[in-house]
Visitor: 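Please read through the structure below; I'll follow up with questions.
None of the values given here were measured: they were computed from a predicted structure. Both counts, for ligands and for their atoms, begin at 1 and track the order of listing.
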Amino acid sequence: MSAPVPDPVVMGVVNVTPDSFSDGGAWLDPLAAIAHGRELVAQGAQILDVGGESTRPGADPVAEAEELRRVLPVLAGLAGAGARLSVDTSKAAVAAAAIDAGATIVNDVTALRGDPQMAALVAGRDCDVCLMHMLGEPRTMQRDPRYGDVVHDVRDFLAARMEHAVSHGIAVERIWLDPGIGFGKTIDHNLELLARLEEIVALGRPVVVGTSRKSFLGTITGRAAPDRVAGTIATNVLALARGASVFRVHDVAQARDALMVAAATLRGRWPATTSTTTMTSTRTRTRSRPS
Ligand code: HH2
């Protein structure tokens with residue numbers, strides 16, 4: 001029997017940065033970012049992921065004060081907008097202030113390795129955490145990345161980071177996992193991870209997939225970042241079929257429609273009913289605390 005199909009959750013990206021790879025500068029003004037976030041909620045985003053530091057290949061780190069200045073007014077302006085709020089940060093002080101402002105998810109692309117205070121912070125606050133795989137750090141991660149078996153290496157890394165999180169008091173039910181598409185990976189590494197995603201899903205926690213507009217889609221299609229929506233959706237739908245449940249995207253309306261139709265088709269029925277415990281954890285919290 002094939003695995004149950006999760007209820008897909010769409011996480012809309014709100015980049016409050018001058019230099020993000022696909023929309024840098026578009027939402028640097030807080031009012032523009034808030035309006036954008038509200039629009040993404042209207043389009044069907046159940047989570048908004050607000051970030052103040054680009055992690056694109058070659059990106060320079062951003063100082064804590066500047067990151068706080070970027071994300072806090074936006075999070076405050078989006079509290080109560082109808083979606084859960086996630087903060088895309090690897091700094092504990094930024095995560096703490098974001099939680100105070102209404103965030104209930106910490107999306108840490110370093111998987112708690114970037115700041116020694118982060119694990120304790122997450123353990124002590126009422127929030128979920130997304131642990132993502134990255135080889136190296138953004139400034140250098142695309143310089144000749146190498147793995148033994150990329151899927152085994154990423155799976156083992158995520159299992160170890162999950163153990164680390166639990167050993168610091170983070171409840172396992174609070175943990176989401178992300179293979180980190182594009183973070184220290186060649187195009188073939190990305191494709192193999194997506195093709196064998198069920199091996200990451202087998203770790204038993206909700207899997208987040210962030211392929212949106214990324215450069216491997218441009219390599220395959222020859223298209224510029226804003227024109228990679230169809231490529232993004234192809235990867236999202238295939239990831240759903242392999243058990244991924246949270247989809248981090250820039251183009252929310254299109255991804256939401258595609259994922260709803262894909263979920264109904266994979267189940268062979270409509271309306272669909274919730275079918276997995278994995279998704280229950282993200283859905284229940286989405287419903288019970290739509291911050
Ligand atoms: N990708 C980016 C940033 N944060 N978080 C998770 N969990 N997974 C991802 O794949 C992921 C992420 C990069 O995308 P974007 O935010 O659009 O670009 P930039 O880092 O240049 O701001």
Side-chain angles (χ1 to χ4, degrees), residues 9-28 33 36-37 40 45 47-62 66-67 70-71 74 84-91 94-95 98 103 105-114 118 122 127-135 137-139 141-142 154 157-158 161 175-185 189-190 193-194 197 200 205-218 224-226 228-229 231-232 235-236 239 244-252 255 282:
V9 171
V10 175
M11 175 190 255
V13 179
V14 181
N15 281 326
V16 195
T17 57
D19 57 344
S20 286
F21 77 92
S22 83
D23 58 358
W27 323 111
L28 197 50
H36 181 57
L40 296 184
I47 301 170
L48 294 174
D49 189 35
V50 179
E53 176 175 27
S54 172
T55 50
R56 75 181 198 293
D60 284 323
V62 173
E66 174 62 13
E67 199 179 329
R70 292 179 187 174
V71 300
V74 177
R84 289 186 68 185
L85 297 178
S86 163
V87 62
D88 189 345
T89 189
S90 49
K91 297 185 186 74
V94 175
I105 303 164
V106 175
N107 176 22
D108 182 358
V109 298
T110 72
L112 309 177
R113 295 174 300 163
M118 187 66 109
V122 170
C127 64
D128 294 326
V129 64
C130 178
L131 305 178
M132 197 197 77
H133 176 271
M134 169 164 49
L135 189 68
E137 39 118 19
R139 210 196 306 237
M141 66 188 178
Q142 288 306 102
V154 169
F157 170 89
L158 292 174
R161 297 316 295 165
I175 299 173
W176 303 358
L177 302 174
D178 186 330
I181 299 298
F183 285 85
K185 281 135 191 136
H189 293 145
N190 292 326
L193 279 163
L194 290 168
L197 201 63
I200 308 294
R205 298 304 309 140
V207 168
V208 181
V209 169
T211 54
S212 189
R213 300 185 181 180
K214 285 187 177 167
S215 71
F216 77 107
L217 301 173
R228 296 175 189 159
V229 185
T232 300
T235 59
N236 285 341
S245 40
V246 182
F247 301 86
R248 185 182 181 278
V249 295
H250 302 84
D251 304 287
V252 165
T282 43

Visitor: Between Ser54 and Ala59, what is the shortest heavy-atom contact and its length?
Guide: O-CB, 3.4 Å

Visitor: Taking all heavy atoms of Thr17 and all of Gly51, pick out the closest pair and write down the distance.
Guide: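 Nearest pair, atom of Thr17 first, then Gly51: CG2-O, 3.9 Å.
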
Visitor: Of all the non-hydrogen atoms in the protein, which one sits nearest to atom 18 (O) of ligand 1, and at what distance?
Guide: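 That would be Phe21 CD2, 3.2 Å.
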
Visitor: Considering only protein heavy atoms, which is closest to atom 4 (N) of ligand 1, and at what distance to one decimal place?
Guide: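 Closest protein heavy atom to atom 4 (N) of ligand 1: Asp88 OD2, 2.9 Å.
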
Visitor: Does the plane of the ring in Phe157 sit parallel, tilted or perpendicular to the ring in His133? Use 30° and 60° as the thresholds.
Guide: perpendicular

Visitor: For Asn107, state whether at least one heavy atom is located under 4.0 Å from any atom of ligand 1.
Guide: yes

Visitor: Can you tell me if His250 has a non-hydrogen atom under 4.0 Å from ligand 1?
Guide: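 Yes.
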
Visitor: Return the closest protein heavy atom for atom 22 (O) of ligand 1 as residue, atom name and distance.
Guide: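 Nearest neighbour among protein heavy atoms for atom 22 (O) of ligand 1, to 0.1 Å: Ser20 OG, 2.4 Å.
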
Visitor: For atom 8 (N) of ligand 1, what's the nearest protein heavy atom and its distance?
Guide: Asp178 OD2, 2.6 Å

Visitor: Taking only heavy atoms of Gly210, which atoms of ligand 1 are found under 4.0 Å from at least one of them?
Guide: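 The atoms of ligand 1 under 4.0 Å from a heavy atom of Gly210 are 10 (O).
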
Visitor: Tell me whether Ser22 has any N or O atom under 3.5 angstrom from an N or O of ligand 1.
Guide: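 In this structure, Ser22 places no N or O atom under 3.5 Å from an N or O of ligand 1.
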
Visitor: Using side-chain heavy atoms (C-beta onward) and a distance below 4.5 Å, is Met118 in contact with Val106?
Guide: yes

Visitor: Taking Ala95's backbone N and O only, do any of them form a donor-acceptor pair with Thr89's side chain (distance below 3.5 Å, no angle check)?
Guide: no

Visitor: Starting from atom 14 (O) of ligand 1, which protein heavy atom do you reach first, and at what distance in Å?
Guide: Arg248 NH1, 3.4 Å

Visitor: Consider only side-chain N and O atoms of Thr235 and Thr211, and report whether a donor and an acceptor are under 3.5 Å apart.
Guide: yes

Visitor: Run the numbers on Arg248 and Asp88 for salt bridge (charged side-chain N to carboxylate O under 4.0 Å, His left out), then give the verdict.
Guide: CA-CA 11 Å; Arg248 185 182 181 278; Asp88 189 345; 3.3 Å; yes

Visitor: Checking a contact table here: which protein heavy atom is nearest atom 10 (O) of ligand 1, and how many Å away?
Guide: Lys214 NZ, 2.7 Å

Visitor: Show the atoms of ligand 1 that are less than 4.0 angstrom away from any heavy atom in Val109.
Guide: 4 (N), 5 (N), 12 (C)

Visitor: Could you tell me, atom by atom, which parts of ligand 1 come under 4.0 Å of a heavy atom of Cys130?
Guide: 7 (N)

Visitor: Which heavy atom in Val109 sits nearest to a heavy atom in Met134, and how many Å separate them?
Guide: O-CE, 3.4 Å

Visitor: Less than 4.0 Å is my threshold; does some heavy atom of Glu53 fall inside it relative to ligand 1?
Guide: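 Contact check Glu53 vs ligand 1: negative.
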
Visitor: Ligand 1 versus Asp23, non-hydrogen atoms closer than 4.0 Å: side chain, backbone, both, neither?
Guide: neither

Visitor: When you measure from the heavy atoms of Gly180 to every atom of ligand 1, does any distance fall below 4.0 Å?
Guide: no

Visitor: May I ask you to identify, for Ser54, whether its side chain, its backbone, both or neither come under 4.0 Å of ligand 1 on a heavy-atom basis?
Guide: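 Both of them.
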
Visitor: Taking 4.0 Å as the limit for heavy-atom contacts, which would you say applies to Met132 with ligand 1: side chain only, backbone only, both, or neither?
Guide: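 It is the side chain that touches ligand 1; the backbone stays farther off.
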
Visitor: Does any N or O in the side chain of Lys185 come within less than 3.5 Å of the main-chain N or O of Phe183, such that one atom is a donor and the other an acceptor?
Guide: yes

Visitor: Do Ser22 side-chain atoms and Ala225 backbone N/O form a donor-acceptor pair below 3.5 Å?
Guide: no

Visitor: For Thr55, counting its heavy atoms only, list the atoms of ligand 1 lying under 4.0 Å from any of them.
Guide: 2 (C), 3 (C), 13 (C), 19 (P), 20 (O), 21 (O)

Visitor: Any side-chain to backbone donor/acceptor pair from Arg56 onto Phe21? Under 3.5 Å, distance only.
Guide: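 No; zero donor-acceptor contacts below 3.5 Å.
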
Visitor: Which heavy atom of Met11 sits nearest a heavy atom of Asp49, and at what distance?
Guide: CG-CB, 3.8 Å

Visitor: Test your reading of the structure: does Val208 have an N or O sitting under 3.5 Å from an N or O of ligand 1?
Guide: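 No, there is no polar N/O contact under 3.5 Å.
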
